[in-house]
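Step one of this worksheet: look at the structure below.
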Amino acid sequence: MFWTFFVCLLLLIIETSSFIDNNGEIKPIMEALQTNVTVISGQKAKLACIFSSINHELSLSSSHQLIWIRQSYGSHNGDSILAHNQDLLITDYRLNIQRTDHDYSLTITNVNIDDEGIYTCEVNTQPPQKAFVHLYVQVFL
Ligand SMILES: *[C@@H]1O[C@H](CO)[C@@H](O)[C@H](O)[C@H]1NC(C)=O
């Protein structure tokens with residue numbers, strides 16, 4: 001009798017918590033770890049998008065395509081795709097890309113003022129989702 005009650009209570013708790021998950025605010029499946037990243041010129045910047053596991057129905061799988069984009073800057077008109085999944089699409093020895101089950105990150109070593117700008121990570125969900133990271137570079141003369 002006691003155990004039946006206990007199990008029912010447990011099931012109720014589990015039900016209730018999944019209810020909240022499903023009907024609460026829908027979390028994006030991909031978010032910037034930090035929206036604003038500020039680094040000093042010459043240092044390393046890590047721009048990271050993290051995958052949320054809160055929404056079990058909307059989870060990211062290894063079949064999803066991920067890209068890092070740099071928004072137009074300076075004389076570069078239009079966005080440039082920097083990386084697709086693990087692959088860098090531009091030649092810049094300072095860039096490093098990493099994709100794990102939890103995040104997708106772009107690391108820039110030896111940052112300079114020209115790197116300052118807006119970067120976005122994007123996933124080809126339906127509809128596609130993107131997260132923005134603003135990189136600020138401080139230069140001390
Ligand atoms: C990022 O920077 C912008 C502009 O400087 C500011 O409006 C915004 O609140 C900052 N966001 C966070 C999460 O700090």
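Just so you know, ligand 1 is whichever comes first in the structure, and atom 1 is the first atom listed for that ligand.
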All pairs passing ring pair (Phe, Tyr, Trp, His ring centres under 6.0 Å) where residues 114-141 contributes a residue, at least two apart: His134-Tyr136
Heavy-atom protein contact below 4.0 Å for atom 14 (O) of ligand 1: yes
Atoms in ligand 1 with a heavy atom of Tyr136 nearer than 4.0 Å: 2 (O), 4 (C), 5 (O)
Heavy-atom check, side chain of Tyr104 versus side chain of Val123, under 4.5 Å: no
Using atom types as modelled, flag every donor-acceptor pair under 3.5 Å from a side chain in residues 78-85 to any protein atom, sequence neighbours excluded.
unit_1	atom_1	unit_2	atom_2	d
Asp79	OD1	Ser72	N	3.3
His84	NE2	Gln65	OE1	2.6
Asn85	OD1	Leu66	N	2.8
Asn85	OD1	Arg99	NH1	2.9
Asn85	ND2	Gln65	OE1	3.2

Test item: protein heavy atom less than 4.0 Å from atom 9 (O) of ligand 1: no
Distance-only N or O hit between ligand 1 and Thr35, under 3.5 Å: no
Within-4.5 Å side-chain heavy-atom neighbours: Glu116 and Leu135: no
Which segment of Phe132 sits under 4.0 Å of ligand 1 when only heavy atoms are counted: neither
Distance, nearest 0.5 Å, that separates CG of Leu95 from CG of Asn110: 11.5 Å
Per-atom contacts, ligand 1 versus Asn36 - under 4.0 Å to a heavy atom: 1 (C), 2 (O), 3 (C), 8 (C), 10 (C), 11 (N), 12 (C), 14 (O)
